[in-house]
Amino acid sequence: MLELRNIVKIYETDNFRQAALDGVTLSFKRKEIVAILGPSGCGKTTLLNIIGGLDRYTSGDLIINGKSTKNFKDSDWDSYRNNSVGFVFQSYNLINHISVIDNVEMALTLSGVSVREKRTAAIHVLERVGLKDHMYKLPSQLSGGQKQRVAIARAIVNNPDIILMDEPTGALDSKTSVQILDLIKEISKDNLVLIVTHNPTLAEEYSDRIVKLYDGKVIDDSKPALIEPSSLVYSPKKTAMSFWTALKLSFNNLKTKLIRSLITTLAASIGIIGVALVLSISNGFGNQVDKLQKESLSGMPLTVSQYSFNFDMQTFQNMQNQESPEPNDFVYPYDPASSRIPIRENKITADYIDYIRAMDSSLYQSISFGYDASMFNLLTNYSGVKAVDAEDLNWSVLPSSTEYLLTQFEIISGEMPKEATDVVLIVDEQHRINQNILLDLGIPVLEQIEYSSIIGKELASARNNDFYTYDGAKYQVVSDLTTAYNAGIKLEIVGILRGTNQVSSLLLGEGIAYDSRLNDLVFSQSLTSNIVLAQQAADTNVKTGLAFNPFVFGDTKENTLKSIGGLEIPDNISIYAGDFNQKEELKEYLNAYNTDKEEIDQIVYSDLAEQFTGIMSSLVNGISIVLIAFAAISLVVSSIMIGIITYVSVLERTKEIGVLRSLGARKKDITRVFNAETMMIGFAAGVFGVVVTALLNIPLDQYLTSAVQNMENIADLSPTHAILLVVVSVILTLISGLIPASIAAKKDPVEALRVES
Ligand code: ADP
Ligand code: MG
């Protein structure tokens, strides 16, 4: 059934060729115990390894059940070893980190036998070798004789045709040796058993046949077998290690080196923790900014102004990137249209106003129109009538939705306007106000001012006909403003409003805000006033009596008309949406106006809320990228470290690799064992890193929440990121273990078994 034909095995080293086997021809019967005798170095082990498919012959042929092995592939040898051969070595070669029964089961595991069958078979053979009571022990807890019994049990557990024993009693005392040989004789009644020994007495006593080797040649054969015609067709089952087995093997291995495994995991998790922390903060902050935009800022209006600039990240960077020239003797004029902060002019037309007014009421909460502040001709009368520049008062129109206004402002004194002529004073969060505004309003500037000296203050919006007088060439402001004041529209400060958050001031700056109905009151007299009629008729500037000067910014007929209340086209429009979604729809509507329009005729809104949050999120994103890059470096470092540790593990487990190969494990299976190990470390590191990050986020969040007002949950690891990080950790460690794993798989099983452990 087993036949060697002129087998030659040559070992080639750099400058040396040695024939370990030199033309061995032998045949064996299905059932016999053959002792192989010979001095050390004569080629006994080489012969067994070749018969067992662990080593390849250089020439000749090995015939198994009549089938030549000349064209055997690796996988054929693997299944041959697993199905047909059982090895027993002098040094036992048990896998030390798994139990006795797991060692015995390993051969069956590789041939894919079910768990229950495996158990039954393993217990059965352990019973036969007398070790049933020791099956859950680790090999290190057994004596030499017991270890060899385990090795024998492992060799016979899947009923191999051939049992190969390389000096099985070589490490045992003579009494134990006899017991082991008795056992071998007893269990091997139905097999071909080849026992290498250099003890001729034992060989005589226990074998049916003695083959003597010398210098790689057969010099004596006590009972040469006739070549029996084989009736059997040789077709062993293919072997494969399940991933689960690989995991179990590696898990046990990691367990035996618990401290090292834990330290490796810890080190591997540091990079993950770094990245996870940065992701937590950028994610949490991003969420907060979104929330801010959706909740607190969704009420911020979209504004359309005659002049606007977009203060976004791009603008911000452009401003930063301006190079200053070397000091020289020049100044440089610039066109505002292409300045550092690009100012855009929106030509708000009557058409556009109609477009806005035609908007479906479901798209907005309210709209307010703001007009050129100088059309109000503001006057105060405290120690004499004085003209007040409306711009200096930050004169602005109140949003028509009081409800929305009160989400951003609080009435600290008085009330909201009831009459069209009621106005309010806006102060900041700390109740502060620019003192010049108070001076303009005729309120004495003291260290602190009672509400009562503000509430009830009066001012007037003079009618154009009382305010301007024609001197024959141009219209100018009358020199005595008393009449203008007395006959003017009397306005009264009825309330003081305080901004309640940092963004309130984006809505209304400190100063005076008036009711939108005041616009109509002013227009009702201005549109028919002399100066307006004159300006409408004239092509020169009636306020200067000169032609419009193209070199003076804004000196146009239109702007002049606006400044005297002669044109009912607003300077700015604020449109308030109810919520974030409504705002998005509103934007669509406003954008639709610009389709098919020339750039110059387009009207662009600005979304202060978006600009505000846009800058914040761009900053956070930028910072996050830098931080993640740094954290990623530690990931790379830990990956390299894992590669090294895996390599150390490969070195340590060389013997185990040899044993697994002798049991029929494929190269692929060996790779699997090490990949399983790195994956487990990667997984543990990932999970550990994520858990530690989640814990670190608690104090970090407390700190950040106290540092950044109005925000909470700033350090917040999203579940998606957490899962992603675990996956990344597994993949990274897997990659870093690939090279050591392939080194392990390529190890020559014969060499691997030879390593001392
Ligand atoms: P035995 O088991 O009879 O003591 P071996 O079969 O181990 O002998 O070795 C036979 C001969 O082949 C010895 O001279 C040994 O040095 C040589 N040999 C064995 N393995 C190798 C190897 N991997 N490389 C080179 N020479 C080897
Ligand atoms: Mg030997």
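The figures that follow rest on heavy atoms only: side chains count, while hydrogens, waters and symmetry mates do not. None of these values were measured; they are calculated from a predicted model. Numbering of ligands and ligand atoms starts at 1, following listing order.
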Only pairs under 3.5 Å count here: list side-chain donor-acceptor contacts from residues 738-752, not counting sequence neighbours, and write none if there are none.
| unit_1 | atom_1 | unit_2 | atom_2 | d |
| --- | --- | --- | --- | --- |
| Ser742 | OG | Ile739 | O | 3.2 |
| Asp748 | OD1 | Val750 | N | 3.1 |

### Query
Can you tell me the protein heavy atom closest to atom 2 (O) of ligand 1 and the distance?
Thr45 OG1, 2.6 Å
### Query
Looking at OG1 of Thr109 and NZ of Lys118, how far apart are the two atoms once the value is rounded to the nearest 0.5 Å?
3.5 Å
### Query
Short list, please: which atoms of ligand 1 are under 4.0 Å from a heavy atom of Thr46?
5 (P), 6 (O), 9 (O), 10 (C)
### Message
Looking at non-hydrogen atoms alone, which of Gln90, Lys44, Glu167 comes nearest to atom 3 (O) of ligand 1?
### Response
Lys44
### Query
For ligand 1, which atoms have a heavy atom of Glu751 less than 4.0 angstrom away?
23 (N)
#### Entry: Closest approach of any protein heavy atom to atom 12 (O) of ligand 1, naming residue and atom
Ala20 CB, 3.4 Å
### Pair Lys217 + Asp22, salt bridge at N-O below 4.0 Å
yes
### Presence of salt bridge, Lys257 and Glu652, under 4.0 angstrom
yes
### Side-chain ion pair, Asp208 and Lys31, N-O less than 4.0 Å
no
### Message
Salt bridge check, Asp182 against Lys185: does any charged N sit closer than 4.0 Å to a carboxylate O?
### Response
no
### Query
Charged N to carboxylate O below 4.0 Å: is that the case for Arg653 and Glu677?
yes
### Query
Ser40 heavy atoms, cut-off 4.0 Å: which ligand 1 atoms fall inside?
4 (O)
#### Entry: Option set Gly43, Gly216, Gly41, criterion heavy-atom distance to atom 4 (O) of ligand 1, minimum
Gly41
### Query
Any idea which atoms of ligand 1 are less than 4.0 Å away from a heavy-atom of Arg754?
19 (C), 20 (N), 21 (C), 23 (N)
### Query
Counting from 1, what ligand 1 atoms have a heavy atom of Gln18 closer than 4.0 Å?
11 (C), 13 (C), 14 (O), 16 (O), 17 (C)
